[in-house]
2 protein chains.
Amino acid sequence: MARAGLTVERVTVAGADLADEVGLGQVTMSQVARRLGVRDASLYTHVRSLKDLQGRIALLAADEKSIQIAEATAGRAGKDALVAFANAWRAYAHRYPGRYLATQTPIQIAPELAAQAPGPRRAVELTYGMLRGYGLAEPDLTDAVRLLRSTFHGFVALEAAGGFAHERSPQQSWVRTLDALHALLEHWPPAEEGHSS
Amino acid sequence: MARAGLTVERVTVAGADLADEVGLGQVTMSQVARRLGVRDASLYTHVRSLKDLQGRIALLAADEKSIQIAEATAGRAGKDALVAFANAWRAYAHRYPGRYLATQTPIQIAPELAAQAPGPRRAVELTYGMLRGYGLAEPDLTDAVRLLRSTFHGFVALEAAGGFAHERSPQQSWVRTLDALHALLEHWPPAEEGHSS
DNA sequence: TTGCTTTCCTAGGGGTACTAGGATATTCCT
DNA sequence: AGGAATATCCTAGTACCCCTAGGAAAGCAA
């Protein structure tokens with residue numbers, strides 16, 4: 001009887017694929033083990049717990065997403081970069097719904113695991129880089145980064161949750177949303193004085 | 001032995017409270033039953049399944065949230081209304097994290113249940129109403145509604161997921177985000193011609 | 001009071017996460 | 001190559017979970 005040849009990576013990918021195919025909630029130790037032709041107890045050699053596996057799936061997705069965005073925005077600037085960035089984000093969420101959903105889970109990832117995964121930080125850095133052309137200075141830059149990330153994430157999350165029941169297609173709203181964000185970034189309002197809260 | 005006097009509503013509220021206190025993932029039939037001083041099998045008289053209960057918690061939260069927003073925006077217009085609307089949204093997510101998270105779950109609510117719950121639709125209608133003062137016409141109006149809802153939801157979702165690790169406080173970014181959205185709504189870009197996709 | 005309805009119970013099947021400890025494949029060292 | 005060491009995968013078992021079936025008893029109606 002040969003061994004199955006499992007690794008942390010293979011287990012994580014199996015879990016991620018399962019999440020995309022049948023939903024994140026169906027990603028159980030038993031199901032992942034079954035898919036790998038192995039007993040569930042065998043997975044604990046490679047993964048500490050189900051929570052640990054979920055965290056690894058989330059970090060895998062963050063890495064993959066940041067890579068997709070980096071490739072899409074390479075060599076672009078201004079609105080070109082903004083549109084490429086946003087479309088890559090949304091495309092990833094559409095193509096890998098289970099993986100993407102895993103990134104949404106309120107954070108409870110082991111710190112030492114998160115430390116060596118560049119995905120989340122890289123994605124934020126890419127957002128800063130993409131905004132370079134708009135000439136914003138801190139702290140407006142950070143606020144703009146957060147606004148963009150919020151809008152991108154919120155849009156695909158509402159889309160996935162069925163929040164856009166209106167007859168107008170989400171795609172049309174998405175295109176116009178990017179138009180609007182571009183216009184906003186080019187005319188970022190100055191900070192009002194007098195209120196520091 | 002007196003009866004416990006359960007109803008669908010009491011079970012739903014118990015589940016919602018549990019979600020806020022210990023996390024949505026800890027909302028199990030067993031835990032809810034324990035909290036109500038009852039065996040888990042007894043809950044099935046009032047609720048069809050755990051999925052059903054989760055759906056009811058989500059609809060309860062949507063109702064509550066829309067009520068909070070309606071109260072906060074009553075009698076306000078323009079930026080006042082925008083800020084009140086957004087702050088009520090975010091405050092609800094902060095105060096009732098489990099309930100709010102329940103509203104995010106990709107939709108699988110029984111249609112006949114969703115039909116009689118006004119929450120989700122009401123929230124969208126409130127958003128349209130809040131935008132009345134900005135003078136947008138369809139289809140820009142729908143696009144703006146979707147943009148706003150995406151940004152509000154995305155912001156609190158990223159906030160809850162620990163996505164704002166930077167030193168700048170989320171509160172500051174939130175205030176500036178509202179400034180930016182207000183400016184955007186007052187100068188909504190016209191549709192570009194020539195591309196219908 | 002007597003029956004009827006509803007609520008809550010006990011009992012139990014099947015699934016899941018996870019641990020302990022044993023067997024076996026693979027590797028490393030001499 | 002052979003034997004020791006290591007890592008992988010297994011069986012066995014506990015505890016918790018969802019959910020169903022069927023029975024007891026509380027509340028209600030006549």
Side-chain angles (χ1 to χ4, degrees), chain A residues 1-60 98 101-102 105-110 112-113, chain B residues 1-59 98 101-102 105-106 108-110 112-113:
Chain A
M1 180 81 112
R3 285 192 191 173
L6 299 185
T7 62
V8 198
E9 290 77 15
R10 282 197 60 201
V11 173
T12 303
V13 169
D17 291 345
L18 200 57
D20 290 328
E21 292 170 18
V22 300
L24 186 62
Q26 311 302 320
V27 176
T28 67
M29 288 290 166
S30 315
Q31 292 292 337
V32 173
R34 213 161 301 168
R35 161 178 285 249
L36 291 167
V38 141
R39 298 289 174 179
D40 56 331
S42 304
L43 298 181
Y44 291 86
T45 302
H46 308 279
V47 150
R48 196 184 303 272
S49 67
L50 176 60
K51 272 197 199 312
D52 181 41
L53 174 59
Q54 289 168 340
R56 290 177 188 276
I57 293 173
L59 292 179
L60 169 68
L101 192 60
T105 66
I107 209 150
Q108 46 189 358
I109 297 176
E112 80 277 7
L113 184 61
Chain B
M1 180 79 117
R3 287 189 190 174
L6 300 184
T7 63
V8 198
E9 290 77 15
R10 282 196 60 201
V11 173
T12 304
V13 169
D17 291 345
L18 201 57
D20 290 328
E21 291 169 20
V22 300
L24 186 62
Q26 311 302 320
V27 177
T28 67
M29 288 291 165
S30 313
Q31 292 292 337
V32 173
R34 213 161 301 168
R35 161 178 285 248
L36 291 167
V38 142
R39 297 288 174 177
D40 56 332
S42 306
L43 299 182
Y44 290 86
T45 303
H46 308 281
V47 151
R48 198 183 303 273
S49 67
L50 176 60
K51 270 197 198 316
D52 181 40
L53 174 60
Q54 289 168 338
R56 289 177 189 277
I57 293 173
L59 292 178
L101 192 60
T105 65
Q108 48 189 356
I109 298 176
E112 79 278 7
L113 184 62

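Residue numbers start from 1 in every chain, and the chains themselves are labelled A, B, ... in the order their sequence lines are given, proteins ahead of strands. All values below come from the heavy atoms of this structure, side chains included, with hydrogens, waters and symmetry mates left out.
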Contact under 4.0 Å: A:S42 side-chain N or O vs D:dT8 OP1/OP2: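 No, A:S42 has no side-chain N/O under 4.0 Å of OP1/OP2 on D:dT8.
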Distance test, side-chain N/O of A:H46 to OP1/OP2 of D:dA7, below 4.0 Å: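 Result: no.
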Nearest-angstrom distance from the residue atom CG of B:L43 to C1' of D:dC18: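 Distance, rounded to whole Å: 11 Å.
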Nearest-Å distance for atom pair CZ/C1', residues B:R39 and D:dC17: 15 Å
Any non-hydrogen side-chain atom of [X] less than 4.5 Å from a side-chain atom of [Y]?
X: A:L50; Y: A:T28; answer: no
X: B:I109; Y: B:L59; answer: yes
X: A:Q54; Y: A:L24; answer: no
X: A:R56; Y: A:V8; answer: yes

Criterion side-chain contact (heavy atoms from CB on, under 4.5 Å) on B:L43 and B:L36, from CA distance to verdict: CA-CA 10 Å; B:L43 299 182; B:L36 291 167; 4.2 Å; yes
Contact state string [nucleotides 15-20 of chain C, B base, S sugar-phosphate only, - no protein heavy atom under 4.0 Å]: -SSBB-
Distance, nearest 0.5 Å, that separates OG of B:S30 from CZ of B:R35: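 It is 14.0 Å, given to the nearest 0.5 Å.
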